[in-house]
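Following: one structure in C-alpha coordinates, then a few remarks.
Labels below follow one simple rule: chain letters A, B, ... track the order of the sequence lines, proteins then strands, and each chain is numbered from 1.
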Number of protein chains: 2
Amino acid sequence: MLKIGIEQEDSQYSLRAKVFQQLEEDILDGKFKSGDSLIETKLSQELGVSRTPIREAIRQLELEGLVKIVPNKGAVVLGISTQDIEDIYTIRMLIEGLAVRWATEKINDEEIEKLKESIELSEFYTRKNNMQHLQRFDSRFHELIYEACKSKPLKHVLTTFHHYIQKARMSSFAAPGRASDALKEHKAILEAMIERDCDRAEKLMYEHVKNASANLIKAKKQNQN
Amino acid sequence: MLKIGIEQEDSQYSLRAKVFQQLEEDILDGKFKSGDSLIETKLSQELGVSRTPIREAIRQLELEGLVKIVPNKGAVVLGISTQDIEDIYTIRMLIEGLAVRWATEKINDEEIEKLKESIELSEFYTRKNNMQHLQRFDSRFHELIYEACKSKPLKHVLTTFHHYIQKARMSSFAAPGRASDALKEHKAILEAMIERDCDRAEKLMYEHVKNASANLIKAKKQNQN
DNA sequence: AATCGAAAAATTGTATGAATATCCTATCTC
DNA sequence: GAGATAGGATATTCATACAATTTTTCGATT
(Lines give C-alpha, C1' and ligand atoms only; values in the text may rest on other atoms or scores of the structure.)
Protein backbone atom coordinates (compact mmCIF):
# COMPACT_ATOMS: atom_id res chain seq x y z
CA MET A 1 0.00 0.00 0.00
CA LEU A 2 1.31 3.35 -1.03
CA LYS A 3 2.00 5.54 1.95
CA ILE A 4 0.62 9.00 1.51
CA GLY A 5 0.46 11.89 3.88
CA ILE A 6 -3.25 12.40 4.08
CA GLU A 7 -4.01 14.05 7.35
CA GLN A 8 -5.54 11.75 9.90
CA GLU A 9 -9.14 12.10 10.75
CA ASP A 10 -9.37 12.78 14.45
CA SER A 11 -12.57 10.77 14.56
CA GLN A 12 -10.66 7.85 15.91
CA TYR A 13 -9.93 9.84 19.00
CA SER A 14 -13.21 11.24 20.17
CA LEU A 15 -16.87 10.41 19.98
CA ARG A 16 -17.64 14.07 19.40
CA ALA A 17 -15.58 14.10 16.22
CA LYS A 18 -17.24 10.94 15.00
CA VAL A 19 -20.68 12.32 15.65
CA PHE A 20 -19.75 15.59 13.99
CA GLN A 21 -18.53 13.85 10.89
CA GLN A 22 -21.54 11.60 10.77
CA LEU A 23 -24.05 14.41 11.13
CA GLU A 24 -22.20 16.61 8.68
CA GLU A 25 -22.14 13.83 6.13
CA ASP A 26 -25.80 13.10 6.67
CA ILE A 27 -26.67 16.74 6.12
CA LEU A 28 -24.48 17.16 3.05
CA ASP A 29 -25.77 13.89 1.63
CA GLY A 30 -29.33 14.98 2.18
CA LYS A 31 -30.27 12.32 4.71
CA PHE A 32 -31.27 15.20 6.91
CA LYS A 33 -33.24 17.70 4.92
CA SER A 34 -33.58 21.41 5.48
CA GLY A 35 -36.06 22.04 8.24
CA ASP A 36 -35.50 18.73 10.02
CA SER A 37 -34.89 19.18 13.70
CA LEU A 38 -32.06 17.41 15.46
CA ILE A 39 -33.25 15.92 18.74
CA GLU A 40 -30.43 15.19 21.13
CA THR A 41 -31.98 12.19 22.86
CA LYS A 42 -33.08 10.64 19.59
CA LEU A 43 -29.65 11.03 18.03
CA SER A 44 -27.94 9.77 21.14
CA GLN A 45 -29.99 6.59 21.01
CA GLU A 46 -29.45 6.13 17.28
CA LEU A 47 -25.72 6.65 17.49
CA GLY A 48 -25.33 4.85 20.81
CA VAL A 49 -23.61 7.65 22.66
CA SER A 50 -24.64 10.03 25.39
CA ARG A 51 -26.04 13.48 24.74
CA THR A 52 -22.81 15.28 25.49
CA PRO A 53 -20.91 14.50 22.28
CA ILE A 54 -24.11 15.04 20.31
CA ARG A 55 -24.52 18.51 21.75
CA GLU A 56 -20.94 19.45 21.07
CA ALA A 57 -21.17 18.25 17.50
CA ILE A 58 -24.39 20.17 16.91
CA ARG A 59 -22.79 23.32 18.27
CA GLN A 60 -20.01 22.92 15.74
CA LEU A 61 -22.46 22.38 12.93
CA GLU A 62 -24.06 25.65 13.91
CA LEU A 63 -20.82 27.51 13.41
CA GLU A 64 -20.39 25.83 10.06
CA GLY A 65 -23.78 27.21 9.09
CA LEU A 66 -25.25 23.75 8.55
CA VAL A 67 -27.81 24.03 11.35
CA LYS A 68 -29.54 26.86 13.11
CA ILE A 69 -29.89 26.71 16.88
CA VAL A 70 -32.80 28.43 18.53
CA PRO A 71 -32.08 28.85 22.24
CA ASN A 72 -34.09 26.49 24.44
CA LYS A 73 -35.78 25.04 21.41
CA GLY A 74 -33.26 23.08 19.51
CA ALA A 75 -31.41 22.74 16.24
CA VAL A 76 -32.90 22.69 12.76
CA VAL A 77 -31.02 21.64 9.67
CA LEU A 78 -30.20 24.33 7.13
CA GLY A 79 -28.24 22.25 4.66
CA ILE A 80 -26.77 23.35 1.36
CA SER A 81 -28.88 24.27 -1.61
CA THR A 82 -27.88 23.97 -5.24
CA GLN A 83 -27.83 27.76 -5.28
CA ASP A 84 -25.33 27.68 -2.42
CA ILE A 85 -23.12 25.35 -4.43
CA GLU A 86 -23.28 27.58 -7.49
CA ASP A 87 -22.37 30.56 -5.34
CA ILE A 88 -19.43 28.67 -3.90
CA TYR A 89 -18.10 27.98 -7.37
CA THR A 90 -18.43 31.64 -8.25
CA ILE A 91 -16.54 32.65 -5.13
CA ARG A 92 -13.90 30.03 -5.77
CA MET A 93 -13.38 31.43 -9.26
CA LEU A 94 -12.34 34.66 -7.60
CA ILE A 95 -10.11 33.38 -4.81
CA GLU A 96 -8.75 29.99 -5.76
CA GLY A 97 -6.54 31.76 -8.29
CA LEU A 98 -5.14 33.83 -5.44
CA ALA A 99 -4.40 30.65 -3.52
CA VAL A 100 -2.42 29.13 -6.35
CA ARG A 101 -0.60 32.43 -6.90
CA TRP A 102 0.52 32.57 -3.30
CA ALA A 103 1.32 28.87 -3.34
CA THR A 104 3.48 29.37 -6.41
CA GLU A 105 5.39 32.10 -4.62
CA LYS A 106 5.93 30.11 -1.47
CA ILE A 107 5.90 26.44 -2.33
CA ASN A 108 8.83 24.21 -1.39
CA ASP A 109 10.18 21.08 -2.98
CA GLU A 110 8.46 18.71 -0.61
CA GLU A 111 5.08 20.23 -1.38
CA ILE A 112 5.75 20.05 -5.09
CA GLU A 113 6.53 16.36 -4.69
CA LYS A 114 3.22 15.81 -2.95
CA LEU A 115 1.39 17.58 -5.75
CA LYS A 116 3.15 15.43 -8.33
CA GLU A 117 2.21 12.34 -6.36
CA SER A 118 -1.44 13.33 -6.16
CA ILE A 119 -1.51 13.83 -9.91
CA GLU A 120 0.14 10.49 -10.55
CA LEU A 121 -2.41 8.77 -8.39
CA SER A 122 -5.20 10.64 -10.13
CA GLU A 123 -3.87 9.37 -13.45
CA PHE A 124 -3.75 5.85 -12.12
CA TYR A 125 -7.35 5.91 -10.94
CA THR A 126 -8.52 7.69 -14.07
CA ARG A 127 -7.22 4.79 -16.11
CA LYS A 128 -8.82 2.39 -13.65
CA ASN A 129 -11.99 4.42 -13.87
CA ASN A 130 -12.27 4.36 -10.10
CA MET A 131 -14.28 7.47 -9.37
CA GLN A 132 -14.19 7.13 -5.61
CA HIS A 133 -10.42 7.22 -5.39
CA LEU A 134 -10.14 9.65 -8.26
CA GLN A 135 -12.14 12.23 -6.41
CA ARG A 136 -10.03 11.65 -3.36
CA PHE A 137 -6.83 12.63 -5.11
CA ASP A 138 -8.45 15.34 -7.13
CA SER A 139 -9.50 16.82 -3.80
CA ARG A 140 -6.06 16.31 -2.44
CA PHE A 141 -4.53 18.35 -5.23
CA HIS A 142 -6.64 21.33 -4.29
CA GLU A 143 -6.10 20.93 -0.58
CA LEU A 144 -2.35 20.70 -1.02
CA ILE A 145 -2.50 24.05 -2.77
CA TYR A 146 -4.59 25.52 0.06
CA GLU A 147 -1.91 24.34 2.42
CA ALA A 148 0.93 25.60 0.27
CA CYS A 149 -0.49 29.11 -0.05
CA LYS A 150 0.49 29.57 3.62
CA SER A 151 -2.47 31.77 4.39
CA LYS A 152 -4.61 30.63 7.28
CA PRO A 153 -7.72 32.62 6.31
CA LEU A 154 -7.55 31.65 2.66
CA LYS A 155 -6.93 28.02 3.48
CA HIS A 156 -9.77 28.06 5.98
CA VAL A 157 -12.42 29.42 3.65
CA LEU A 158 -11.39 27.30 0.68
CA THR A 159 -11.21 24.13 2.76
CA THR A 160 -14.67 24.74 4.15
CA PHE A 161 -16.12 25.42 0.72
CA HIS A 162 -14.34 22.46 -0.75
CA HIS A 163 -15.86 20.28 1.90
CA TYR A 164 -19.33 21.57 1.17
CA ILE A 165 -19.21 20.80 -2.53
CA GLN A 166 -17.83 17.27 -2.26
CA LYS A 167 -21.15 15.76 -3.15
CA ALA A 168 -21.59 18.03 -6.15
CA ARG A 169 -18.09 17.23 -7.36
CA MET A 170 -18.87 13.55 -7.29
CA SER A 171 -21.71 13.88 -9.76
CA SER A 172 -19.67 16.34 -11.79
CA PHE A 173 -16.98 13.76 -12.37
CA ALA A 174 -19.53 11.41 -13.77
CA ALA A 175 -19.79 13.57 -16.89
CA PRO A 176 -17.92 11.86 -19.74
CA GLY A 177 -14.50 13.35 -20.28
CA ARG A 178 -14.65 15.76 -17.36
CA ALA A 179 -12.39 13.67 -15.16
CA SER A 180 -9.60 13.51 -17.73
CA ASP A 181 -10.03 17.18 -18.60
CA ALA A 182 -9.71 18.09 -14.95
CA LEU A 183 -6.57 16.00 -14.72
CA LYS A 184 -5.04 17.79 -17.71
CA GLU A 185 -5.87 21.11 -16.10
CA HIS A 186 -4.25 20.04 -12.85
CA LYS A 187 -1.11 19.05 -14.73
CA ALA A 188 -0.95 22.41 -16.47
CA ILE A 189 -1.38 24.22 -13.16
CA LEU A 190 1.38 22.24 -11.51
CA GLU A 191 3.66 22.87 -14.48
CA ALA A 192 3.15 26.61 -14.17
CA MET A 193 3.82 26.38 -10.45
CA ILE A 194 7.06 24.50 -10.97
CA GLU A 195 8.16 27.17 -13.43
CA ARG A 196 7.21 29.73 -10.79
CA ASP A 197 4.90 31.43 -13.27
CA CYS A 198 2.38 32.98 -10.86
CA ASP A 199 0.32 34.73 -13.50
CA ARG A 200 -0.13 31.64 -15.61
CA ALA A 201 -0.86 29.44 -12.60
CA GLU A 202 -3.48 31.88 -11.38
CA LYS A 203 -5.12 32.13 -14.78
CA LEU A 204 -5.12 28.37 -15.26
CA MET A 205 -6.73 27.83 -11.88
CA TYR A 206 -9.37 30.40 -12.67
CA GLU A 207 -10.13 28.55 -15.89
CA HIS A 208 -10.13 25.23 -14.08
CA VAL A 209 -12.72 26.31 -11.54
CA LYS A 210 -14.72 28.00 -14.27
CA ASN A 211 -14.77 24.78 -16.29
CA ALA A 212 -15.75 22.75 -13.25
CA SER A 213 -18.55 25.18 -12.54
CA ALA A 214 -19.78 25.12 -16.14
CA ASN A 215 -19.66 21.34 -16.12
CA LEU A 216 -21.64 21.22 -12.95
CA ILE A 217 -24.35 23.50 -14.26
CA LYS A 218 -24.53 21.52 -17.47
CA ALA A 219 -24.88 18.27 -15.53
CA LYS A 220 -27.58 19.82 -13.41
CA LYS A 221 -29.60 20.83 -16.47
CA GLN A 222 -29.31 17.36 -17.91
CA ASN A 223 -30.59 15.86 -14.72
CA GLN A 224 -33.63 18.05 -14.89
CA ASN A 225 -34.58 16.66 -18.31
CA MET B 1 -33.43 56.35 21.65
CA LEU B 2 -33.40 55.58 17.98
CA LYS B 3 -34.75 52.14 17.25
CA ILE B 4 -32.55 50.20 14.91
CA GLY B 5 -32.76 46.66 13.74
CA ILE B 6 -29.46 45.35 14.90
CA GLU B 7 -29.78 41.63 15.34
CA GLN B 8 -29.94 40.53 18.92
CA GLU B 9 -26.98 38.83 20.47
CA ASP B 10 -28.13 35.44 21.63
CA SER B 11 -25.77 35.72 24.55
CA GLN B 12 -28.64 36.75 26.71
CA TYR B 13 -30.12 33.34 26.20
CA SER B 14 -27.38 30.85 26.86
CA LEU B 15 -24.26 30.59 28.93
CA ARG B 16 -22.53 28.83 26.09
CA ALA B 17 -23.02 31.84 23.80
CA LYS B 18 -21.75 34.19 26.48
CA VAL B 19 -18.66 32.11 27.06
CA PHE B 20 -18.08 31.81 23.35
CA GLN B 21 -18.29 35.56 22.87
CA GLN B 22 -16.04 36.21 25.83
CA LEU B 23 -13.37 33.78 24.74
CA GLU B 24 -13.53 34.94 21.14
CA GLU B 25 -13.15 38.54 22.21
CA ASP B 26 -10.27 37.69 24.52
CA ILE B 27 -8.49 35.90 21.69
CA LEU B 28 -9.10 38.62 19.12
CA ASP B 29 -8.08 41.29 21.61
CA GLY B 30 -4.91 39.43 22.40
CA LYS B 31 -5.68 38.68 26.03
CA PHE B 32 -5.03 35.09 25.11
CA LYS B 33 -1.95 34.83 23.00
CA SER B 34 -1.06 32.26 20.41
CA GLY B 35 0.17 29.13 22.10
CA ASP B 36 -1.75 29.67 25.34
CA SER B 37 -3.66 26.61 26.38
CA LEU B 38 -7.26 26.84 27.47
CA ILE B 39 -7.81 24.79 30.61
CA GLU B 40 -11.46 23.93 31.09
CA THR B 41 -11.47 23.85 34.88
CA LYS B 42 -9.54 27.09 35.13
CA LEU B 43 -11.88 28.87 32.75
CA SER B 44 -14.94 27.46 34.45
CA GLN B 45 -13.76 28.90 37.75
CA GLU B 46 -12.86 32.26 36.26
CA LEU B 47 -16.15 32.62 34.43
CA GLY B 48 -18.22 31.07 37.19
CA VAL B 49 -19.88 28.39 35.09
CA SER B 50 -19.50 24.66 34.79
CA ARG B 51 -17.26 22.97 32.30
CA THR B 52 -20.07 22.08 29.94
CA PRO B 53 -20.64 25.51 28.36
CA ILE B 54 -16.88 26.07 28.34
CA ARG B 55 -16.32 22.92 26.37
CA GLU B 56 -19.04 23.74 23.88
CA ALA B 57 -17.63 27.21 23.33
CA ILE B 58 -14.12 25.88 22.82
CA ARG B 59 -15.39 23.38 20.29
CA GLN B 60 -16.94 26.24 18.36
CA LEU B 61 -13.76 28.26 18.52
CA GLU B 62 -12.01 25.30 16.97
CA LEU B 63 -14.29 25.41 13.97
CA GLU B 64 -13.67 29.11 13.64
CA GLY B 65 -9.97 28.36 13.48
CA LEU B 66 -9.21 30.39 16.60
CA VAL B 67 -8.01 27.40 18.64
CA LYS B 68 -6.58 24.00 17.86
CA ILE B 69 -7.84 21.02 19.81
CA VAL B 70 -5.55 18.07 20.37
CA PRO B 71 -7.59 15.04 21.46
CA ASN B 72 -7.18 14.16 25.13
CA LYS B 73 -4.75 16.99 25.57
CA GLY B 74 -6.63 20.22 25.23
CA ALA B 75 -7.05 23.40 23.28
CA VAL B 76 -4.33 25.86 22.37
CA VAL B 77 -4.98 29.36 21.08
CA LEU B 78 -4.12 30.09 17.47
CA GLY B 79 -5.31 33.67 17.25
CA ILE B 80 -5.04 36.04 14.32
CA SER B 81 -1.76 37.45 13.11
CA THR B 82 -1.26 40.75 11.31
CA GLN B 83 -0.44 38.67 8.26
CA ASP B 84 -3.83 36.98 8.59
CA ILE B 85 -5.51 40.37 8.66
CA GLU B 86 -3.65 41.55 5.57
CA ASP B 87 -4.66 38.34 3.80
CA ILE B 88 -8.26 38.91 4.77
CA TYR B 89 -8.22 42.36 3.23
CA THR B 90 -6.77 40.92 0.04
CA ILE B 91 -9.48 38.28 -0.11
CA ARG B 92 -12.15 40.85 0.64
CA MET B 93 -10.92 42.95 -2.28
CA LEU B 94 -11.80 40.04 -4.50
CA ILE B 95 -15.18 39.01 -3.11
CA GLU B 96 -16.75 41.98 -1.39
CA GLY B 97 -17.32 43.49 -4.82
CA LEU B 98 -19.25 40.36 -5.73
CA ALA B 99 -21.37 40.77 -2.63
CA VAL B 100 -22.34 44.33 -3.51
CA ARG B 101 -23.01 43.30 -7.10
CA TRP B 102 -25.43 40.58 -6.02
CA ALA B 103 -26.92 42.89 -3.43
CA THR B 104 -27.51 45.54 -6.07
CA GLU B 105 -29.33 42.99 -8.20
CA LYS B 106 -31.51 41.71 -5.40
CA ILE B 107 -31.93 44.46 -2.85
CA ASN B 108 -35.41 45.60 -1.81
CA ASP B 109 -36.66 48.94 -0.57
CA GLU B 110 -36.60 48.01 3.07
CA GLU B 111 -32.95 47.03 2.86
CA ILE B 112 -32.10 50.24 1.05
CA GLU B 113 -33.75 52.18 3.87
CA LYS B 114 -31.62 50.36 6.42
CA LEU B 115 -28.49 51.20 4.45
CA LYS B 116 -29.49 54.85 4.29
CA GLU B 117 -30.12 54.82 8.01
CA SER B 118 -26.73 53.31 8.78
CA ILE B 119 -25.06 56.00 6.70
CA GLU B 120 -27.02 58.77 8.42
CA LEU B 121 -25.96 57.45 11.78
CA SER B 122 -22.38 57.17 10.61
CA GLU B 123 -22.53 60.83 9.57
CA PHE B 124 -23.91 61.77 12.94
CA TYR B 125 -21.17 60.02 14.85
CA THR B 126 -18.49 61.25 12.48
CA ARG B 127 -19.46 64.80 13.35
CA LYS B 128 -19.55 63.86 17.01
CA ASN B 129 -16.19 62.19 16.56
CA ASN B 130 -17.47 59.15 18.44
CA MET B 131 -15.29 56.37 17.10
CA GLN B 132 -16.95 53.59 19.05
CA HIS B 133 -20.38 54.20 17.57
CA LEU B 134 -18.94 55.16 14.21
CA GLN B 135 -17.34 51.79 13.81
CA ARG B 136 -20.57 50.16 14.81
CA PHE B 137 -22.51 51.69 11.96
CA ASP B 138 -19.66 51.40 9.53
CA SER B 139 -19.72 47.69 10.31
CA ARG B 140 -23.45 47.66 9.95
CA PHE B 141 -23.25 49.06 6.44
CA HIS B 142 -21.10 46.16 5.34
CA GLU B 143 -23.15 43.56 7.12
CA LEU B 144 -26.36 44.85 5.62
CA ILE B 145 -24.80 44.32 2.22
CA TYR B 146 -23.75 40.79 3.17
CA GLU B 147 -27.34 40.16 4.11
CA ALA B 148 -28.74 41.78 0.98
CA CYS B 149 -26.59 39.74 -1.39
CA LYS B 150 -28.81 36.77 -0.47
CA SER B 151 -26.01 34.26 -0.70
CA LYS B 152 -25.51 32.13 2.35
CA PRO B 153 -21.93 31.10 1.58
CA LEU B 154 -20.81 34.60 0.63
CA LYS B 155 -22.49 36.12 3.65
CA HIS B 156 -20.96 33.48 5.89
CA VAL B 157 -17.38 34.00 4.81
CA LEU B 158 -17.57 37.78 4.74
CA THR B 159 -19.25 37.96 8.13
CA THR B 160 -16.60 35.74 9.65
CA PHE B 161 -13.79 37.78 8.14
CA HIS B 162 -15.43 41.01 9.12
CA HIS B 163 -15.61 39.79 12.67
CA TYR B 164 -11.95 38.89 12.68
CA ILE B 165 -10.74 42.29 11.57
CA GLN B 166 -12.84 44.37 13.96
CA LYS B 167 -9.86 45.18 16.07
CA ALA B 168 -7.77 46.21 13.08
CA ARG B 169 -10.57 48.41 11.77
CA MET B 170 -10.72 50.26 15.04
CA SER B 171 -7.13 51.42 14.80
CA SER B 172 -7.60 52.08 11.10
CA PHE B 173 -10.34 54.61 11.83
CA ALA B 174 -8.01 56.51 14.07
CA ALA B 175 -6.05 57.70 11.03
CA PRO B 176 -6.95 61.33 10.35
CA GLY B 177 -9.47 61.68 7.55
CA ARG B 178 -9.98 57.97 7.02
CA ALA B 179 -13.33 57.90 8.77
CA SER B 180 -14.82 60.63 6.62
CA ASP B 181 -13.28 59.17 3.47
CA ALA B 182 -14.82 55.82 4.30
CA LEU B 183 -18.16 57.49 4.80
CA LYS B 184 -17.94 59.20 1.41
CA GLU B 185 -17.14 55.87 -0.18
CA HIS B 186 -20.09 54.23 1.51
CA LYS B 187 -22.35 56.97 0.20
CA ALA B 188 -21.07 56.51 -3.33
CA ILE B 189 -21.61 52.76 -3.11
CA LEU B 190 -25.17 53.15 -1.87
CA GLU B 191 -25.88 55.67 -4.64
CA ALA B 192 -24.72 53.20 -7.26
CA MET B 193 -26.85 50.50 -5.65
CA ILE B 194 -29.94 52.69 -5.69
CA GLU B 195 -29.36 53.39 -9.37
CA ARG B 196 -29.00 49.63 -9.82
CA ASP B 197 -25.59 50.15 -11.38
CA CYS B 198 -23.97 46.81 -10.53
CA ASP B 199 -20.70 47.46 -12.30
CA ARG B 200 -20.15 50.79 -10.61
CA ALA B 201 -21.16 49.49 -7.20
CA GLU B 202 -18.78 46.57 -7.55
CA LYS B 203 -15.90 48.77 -8.64
CA LEU B 204 -16.53 51.27 -5.86
CA MET B 205 -16.57 48.53 -3.25
CA TYR B 206 -13.34 47.13 -4.60
CA GLU B 207 -11.78 50.57 -4.30
CA HIS B 208 -13.23 50.99 -0.83
CA VAL B 209 -11.71 47.80 0.50
CA LYS B 210 -8.47 48.60 -1.29
CA ASN B 211 -8.33 52.00 0.38
CA ALA B 212 -9.10 50.52 3.76
CA SER B 213 -6.35 47.96 3.27
CA ALA B 214 -3.83 50.59 2.17
CA ASN B 215 -4.77 52.74 5.13
CA LEU B 216 -4.30 49.84 7.48
CA ILE B 217 -0.88 49.01 6.15
CA LYS B 218 0.15 52.66 6.33
CA ALA B 219 -1.03 52.86 9.94
CA LYS B 220 0.86 49.69 10.74
CA LYS B 221 4.10 51.11 9.35
CA GLN B 222 3.67 54.30 11.32
CA ASN B 223 3.20 52.32 14.49
CA GLN B 224 6.45 50.55 13.88
CA ASN B 225 8.36 53.85 13.78
C1' DA C 1 24.03 12.37 38.62
C1' DA C 2 21.04 10.68 35.15
C1' DT C 3 17.37 7.73 33.75
C1' DC C 4 13.62 4.94 34.09
C1' DG C 5 9.17 3.80 35.85
C1' DA C 6 5.27 3.77 38.81
C1' DA C 7 2.08 6.34 41.53
C1' DA C 8 -0.37 10.62 41.97
C1' DA C 9 -2.26 14.70 40.19
C1' DA C 10 -4.29 17.13 36.59
C1' DT C 11 -7.00 17.36 32.58
C1' DT C 12 -9.98 15.83 29.14
C1' DG C 13 -13.89 12.81 27.56
C1' DT C 14 -18.38 10.83 28.37
C1' DA C 15 -22.61 9.90 30.86
C1' DT C 16 -26.32 11.22 33.61
C1' DG C 17 -29.16 13.99 36.67
C1' DA C 18 -31.68 18.33 37.88
C1' DA C 19 -33.72 22.57 36.52
C1' DT C 20 -35.87 25.33 33.14
C1' DA C 21 -38.15 26.50 29.01
C1' DT C 22 -41.23 25.21 25.29
C1' DC C 23 -44.87 22.67 23.16
C1' DC C 24 -49.03 20.16 22.88
C1' DT C 25 -53.48 19.06 24.33
C1' DA C 26 -57.50 18.69 27.02
C1' DT C 27 -60.64 21.36 29.40
C1' DC C 28 -63.07 25.38 30.63
C1' DT C 29 -65.22 29.80 29.63
C1' DC C 30 -67.75 32.93 26.86
C1' DG D 1 -67.94 26.33 18.57
C1' DA D 2 -63.79 29.38 19.15
C1' DG D 3 -60.39 30.88 21.98
C1' DA D 4 -57.95 31.00 26.36
C1' DT D 5 -55.64 28.50 29.84
C1' DA D 6 -53.65 25.11 32.79
C1' DG D 7 -50.97 21.13 33.18
C1' DG D 8 -48.45 17.31 31.54
C1' DA D 9 -44.98 15.86 28.21
C1' DT D 10 -40.91 16.76 25.81
C1' DA D 11 -36.49 18.83 24.97
C1' DT D 12 -32.88 21.80 26.04
C1' DT D 13 -29.52 23.76 29.26
C1' DC D 14 -26.36 23.55 32.73
C1' DA D 15 -24.10 21.10 36.45
C1' DT D 16 -22.00 17.20 38.29
C1' DA D 17 -20.18 12.59 38.60
C1' DC D 18 -17.40 9.17 36.75
C1' DA D 19 -13.98 7.20 33.41
C1' DA D 20 -9.98 7.49 30.57
C1' DT D 21 -5.96 9.69 29.35
C1' DT D 22 -2.02 12.54 29.92
C1' DT D 23 1.32 14.91 32.63
C1' DT D 24 3.97 15.46 36.62
C1' DT D 25 6.28 14.00 40.59
C1' DC D 26 9.37 11.44 42.98
C1' DG D 27 11.98 7.66 44.34
C1' DA D 28 14.69 3.56 43.03
C1' DT D 29 18.30 1.82 40.21
C1' DT D 30 22.29 1.93 37.40
### Task
Grab the CD1-C1' distance between A:I39 and C:dC23 for me, whole Å please.
12 Å

### Message
Given the structure, check if the side chain of A:R51 and the base of D:dT13 hold any donor-acceptor pair shorter than 3.5 Å.
### Response
yes

### Query
Where the side chain of B:R16 is defined as all heavy atoms beyond and including C-beta, which of C:dG13, D:dT12, D:dC14 is the nearest nucleotide?
D:dC14

### Query
Would you say C:dC23 has OP1 or OP2 under 4.0 Å from some side-chain N or O of A:K73?
yes

### Donor on one side chain, acceptor on other, B:E64 and A:H156, under 3.5 Å
no

### Query
Is the Lys NZ or Arg CZ of A:R92 less than 6.0 Å from the centre of A:Y89's six-membered ring, within 45° of the axis?
yes

### Query
Has the side chain of B:T52 got a donor or acceptor that lies under 3.5 Å from a partner of the other kind on the base of D:dA15?
yes

### Query
Under 4.0 Å: is that the gap between some side-chain N or O of A:S50 and OP1 or OP2 of C:dA15?
yes

### Query
In terms of side-chain heavy atoms of A:P53, which of C:dT22, C:dA15, C:dT12 is nearest?
C:dA15

### Task
Give the rounded distance in Å between these two atoms: CG of A:L15 and P of D:dA19.
16 Å

### Message
Once rounded to the nearest 0.5 Å, what's the spacing between atom SG of A:C149 and atom NZ of A:K155?
### Response
9.0 Å

### Query
How long is the line joining CD of A:E62 and C1' of D:dT12, in whole Å?
14 Å

### Query
In whole angstrom, what separates A:R55's CZ from D:dA11's C1'?
10 Å

### Task
From the options C:dA15, D:dC14, C:dG13, select the nucleotide whose nearest atom is closest to the side chain of B:E40.
C:dG13

### Task
Mind calculating the distance between CG (B:N72) and C1' (C:dT14) to the nearest angstrom?
11 Å

### Query
Which is true for A:L38 with a 4.0 Å heavy-atom rule: it touches a base, it touches only sugar-phosphate, or it touches nothing?
sugar-phosphate

### Task
Whole angstrom is fine here: how far is it from CD1 in A:I69 over to P in C:dT22?
16 Å

### Query
Roughly, in whole Å, what's the span from CG in B:L43 to P in C:dA10?
17 Å

### Task
Would you check if there is a donor-acceptor pair between the side chains of B:D84 and B:S81 at a distance under 3.5 Å?
yes

### Rounded distance (Å) that lies between atom C1' of C:dA15 and atom CD of A:E56
12 Å

### Query
Among the nucleotides D:dA11, C:dA15, D:dT13, which one has an atom lying closest to any side-chain atom of A:R59?
D:dT13

### Task
Compute whether any side-chain donor of one residue and acceptor of the other, for A:Q60 and A:E24, lie under 3.5 angstrom apart.
no

